[in-house]
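Structure record follows, encoded as structure tokens.
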Amino acid sequence: MMLNGAEDEEKWLAEGIAGIQHNAFYMHRALDSNNLREALKYSAQMLSELRTSKLSPHKYYELYMRAFDELRMLEMFFKDEGKHGVSVVDLYELVQHAGNILPRLYLLCTVGSVYIKSKEAPAKELLKDLVEMCRGVQHPIRGLFLRSYLAQISRDKLTDIGSDYEGDVDTVMDAVEFVLQNFSEMNKLWVRMQNQEPGRAREKRKKERSELQDLVGKNLHVLSQIEGVDLDMYKETVLPRVLEQVVNCKDDLAQYYLMDCIIQVFPDEYHLQTLETLLGACPQLQPTVDIKTVLSRLMDRLSKYAASSTDVLHEFLQVEAFTKLSNTIDKVIEVQVDMPAVGAITLYVSLLTFTLRVHPDRLDYADQVLGACVKKLSNIPKLEDSLATKQVVALLRAPLEKYNDIVTALTLSNYPRVMDHLDNGTNKVMAMVIIESIMKNNTYISTADKVEVLFELIKGLIKDLDGDVDELDEEDFKDEQNSVAKLIHMLYNDEPEEMWKIICIVWKHTMVGGPKRLPFTVPSLVFSALRLVRRLQGQEGDLVEVVPATPKKIFQLLSQIIEALSAVPSPELALRLYLQCAEAANDCDLEHFAYEFFTQTFVLYEEEIANSKAQLTAIHLIIGALQRMTVFGVENRDTLTHKATGYSARLLKKPDQCRAVYTCSHLFWVDDEGGIRDGERVLLCLKRALRIASSAQQMANVARGSSGPVTLFVEILNKYLYFFEKGNQQITAAAIQDLIELINTEMQGDSANPDRDSDVFLASTLRYIQFQKQKGGIMGKKFESIEL
Amino acid sequence: MVLVLALGDLHIPHRAADLPPKFKSMLVPGKIQHIICTGNLCIKEVQDYLKTLCPDLHITRGEYDEETRYPETKTLTIGQFKLGLCHGHQVIPWGDLDSLAMLQRQLDVDILVTGHTHQFTAYKHEGGVVINPGSATGAYSSMTYDVNPSFVLMDIDGLRVVVYVYELIDGEVKVDKIDFKKTAATTHSAH
């Protein structure tokens, strides 16, 4: 009968409750006056309210509870024979005269409860009688509640080991039989409730059924609590019978609930020992059952159980838990042909999580799970389903999170194969996750083999993959490449041979990165190589030439690498790296290489660096590096310094020219022992700088009608002082004096536009001279003749 | 008491992946009033990180910096001290005290902070103090072998500055300090 609305239901419930209360009132009166006949009459009438079909399970429950409370009073009355004078045996007979079956059976159960307690008949026979008689009510809701009542009142009377009722052999068996039978019948009623009509009616029925699920499940609780049900009985009787009911009922709601109930209610130890049986049911369940959640929960429980002690862990290996679970999952996936990819992968994620928790040292198990997943994905080249993708990412993250040392994850041979199935975007995300894991845990990857595997995994970041059409956001791309650049520093081995192999492998992979990636990856690799060169420097004498890794070999590779970079084009960065190599070659006493690197530097400067600011910086770097070179013979040195001074004089802006030229003076004076000290050429540079400065002044006069900054002269003055102090004979006190006067003249001539910076600079310079004069000793003498 | 953090030459990501963890745990936001950075961060990510430590951040350009618009030199006044900042690749010979002194005179500062050599130094001469905070990540340098990560914290209080240098040596953070006092006579008139 369809229920028309909540309001009607409330009305019927109210009517039902009123009915119960009404009859209960009279029943109580009868109890008080010890009138059995009246008591039975009114209790039967009261119980008739439970014959309604109009209520949903939720409301029916309310009605039932009212009746239940009243029946407790009645039971007390029944128990007290003195009050009503009828033996329980006769009472049992008497209540069967009630008119309608439902009230009759409730009364029968109530008397039955008293009867069993009285021990006038064996408990098992009475229980058997009652559980069978309840078959008379086949309406699902009414039947379920009736049997629930039976379960409730029988609970404390179940024949149990050590309880009052033990008499015959196998009494525990009888109790178990009773509960199993009640359970079976209840499940059948419950399943029958399901409305097969599609649409809303079906959904509504499902909801109503869920409200009743605990009535059915309670039986399993009871079974778990019977003390006599040990592992053997569970294994031989309880589980097989329950599973039989679960599988045969072919109802997905019941199957899901009951499987879960079994798992939650019985101890983990039992599950472990009956794993095969329990799992054997899984492939036989309806395809619509959410088996993955059931299995996940089982594996979750077992993981926790495994963690509880090492003896338990041993048991896991003994019963081959992993293999059984793995086989079941494979079977379920095989049987449910329509299961979407996401379902299968979720199962593998659960299994992997289980494996990592229970058998963390068994990398072969973990790899096996990944392998099974690869097999499942084999007919899907690239995943497009975002849920499935999410699960695959979860699968890949699990080992990373478990083994903080990513190196372990790298040994799982199926790992890269799983990654291959991700779409390009997700693949890159995963690659970033791997890099982050390495950086966060400060893990060093120290063998060439592992580096090879690693770069295979992150190949989405290293180069363009097939089908890579979508334009990546520039910021994201930069982040990715900077991550790769940082990663390179985590690839390290103390042993030079291995380190050399690593460098070669990294270059092999990164060189196909293309012009967008090289500017990020090359610098890191170059410096990694230079560090290796430095380490080998110290060992030069000890090494036999047979050894593959030598500074020369490394410089040869570096030359190739930087050339690839400059072709991008990325001249400024390449120039800096060439200079770094030149300095390193200098330290290794390799003149030829050092010269070659400077040559490349100059070629880049001449052909590629056009921007004047960039040129000035480049000049500074060239001069700074060249100034420190000790490896060159006179000729080579001359060639290079000549070039450098030439470039300096040809910079675009006069001030830049001036500064570059006076900086060149340092090329001819090196303070270290055995260093060049060519006083004349120093002075030549400074004089040339002065000429440029004057020229700049004149140009400023002409172009702007005012003089340019005098600061250039003050800078040159400071350089004069520098070399004067160092003992350059070509620089005389007189020359310095002249220069000071020149500056003063320039400043006075420009009093209309005072230049504060120059003033301050001059002032501090003069203060310095003063200080030197006051020093006394040799320095004081030197400065004596300079008058301020 | 004004705390000024001086650091530079991190060379992230070209020569180093990150600051040493022991340094990172020491550098906590809100404790420092100014940060002066000699340059060669090299990427924006590092600038953003430094900004979280202290909003008053000053950077000069190193030759590998991604951001090409940092200035070549910078001067700022903190309390009684004038500070000058420059990466140092422009001052040749690299690391030469006398040449650095010239820059100091030119910028007219009491404390000149430069980098480039990755070698911590602190010199006092008649013109003032020259400090090199070294490389905060211990990055490779063509000039210095076995670079220990280091940075400098200056505590400026009136006419006195205490320079604390933090160096990571063999996995342990070692601290040293140097005191400098400035005489009122060298306070420059034009302000």
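Atoms considered below: every heavy atom in the structure, side chains included; atoms not considered: hydrogens, waters and symmetry mates. By convention in this document, chain letters (A, B, ...) are assigned in the order of the sequence lines, proteins followed by strands, and residues within each chain are numbered from 1.
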Q: Look at the rings of A/Phe555 and A/Phe593 and say which category their plane angle falls in: under 30° parallel, 30 to 60° tilted, over 60° perpendicular.
A: tilted
Applying a strict 4.5 Å limit to non-hydrogen atoms, the region of A/Ala625 in contact with chain B is both
Turns out that what part of A/Leu579 lies under 4.5 Å from chain B's heavy atoms comes down to neither
Problem - B/Phe151 ring center near B/Phe120 ring center (under 6.0 Å) - result: no
- Query: Taking C-beta and beyond as the side chain, do A/Thr443 and A/Met490 meet within less than 4.5 Å on heavy atoms?
  - Reply: no
Of the listed B/Lys44, B/Met102, B/His11, B/Arg15, the one with the largest count of heavy-atom pairs under 4.5 Å with chain A is B/Arg15
Sorted by chain and residue number, the side chain to side chain contact (heavy atoms under 4.5 Å, CB included) partners of B/Asp18 (sequence neighbours excluded) come out as B/Ile12, B/Lys24
Residues 58-67 of chain B vs chain A, non-hydrogen distance cutoff under 4.5 Å, contacting residues -> B/Arg61, B/Glu63, B/Tyr64, B/Glu66
Answer key: most heavy-atom pairs under 4.5 Å with chain A among B/Glu72, B/Gln104, B/Met143 is B/Met143
Is the A/Tyr647 ring parallel, tilted or perpendicular to the A/Tyr605 ring (thresholds 30°, 60°)? tilted
Chain B shares the most heavy-atom pairs under 4.5 Å, among A/Met439, A/Arg576, A/Glu572, A/Arg659, with A/Arg576
- Message: Please determine whether a side-chain nitrogen of the Lys or Arg among B/Asp110 and B/Lys182 lies less than 4.0 Å from a carboxylate oxygen of the Asp or Glu.
- Response: yes
Between A/Leu717 and A/Leu762, is there a side-chain heavy-atom distance shorter than 4.5 Å?
yes
For the ring pair A/Phe598 and A/Tyr578, is the centre-to-centre distance below 6.0 Å?
no
**Prompt:** Taking the six-membered ring for Trp, are B/His87 and B/His116 parallel (under 30°), tilted (30 to 60°) or perpendicular (over 60°)?
**Reply:** perpendicular
Interface check, chain A: of B/Glu45, B/His125, B/Gln106, B/His89, most non-hydrogen pairs under 4.5 Å belong to B/Gln106
Residues A/Ile731 and A/Phe724: closest non-hydrogen pair is O-CD1, 3.3 Å
Whatever's closer than 4.5 Å to a heavy atom in chain B on A/His620 counts as both
Pair count under 4.5 Å, heavy atoms only, with chain B: among A/Val526, A/Thr765, A/Leu530, A/Thr663, highest is A/Leu530
Point to revise | Pair A/Arg767 + B/Glu126: basic N to acidic O under 4.0 Å | key: no
Highest number of heavy-atom pairs under 4.5 Å with chain B among A/Val484, A/Asn482, A/Ile623, A/Asp479 belongs to A/Asn482
Most contact-rich option vs chain B, by heavy-atom pairs under 4.5 angstrom, among A/Asp587, A/Val714, A/Ile488, A/Asp757, is A/Asp587
Of the listed B/Ala101, B/Ser141, B/Ala17, the one with the largest count of heavy-atom pairs under 4.5 Å with chain A is B/Ala17
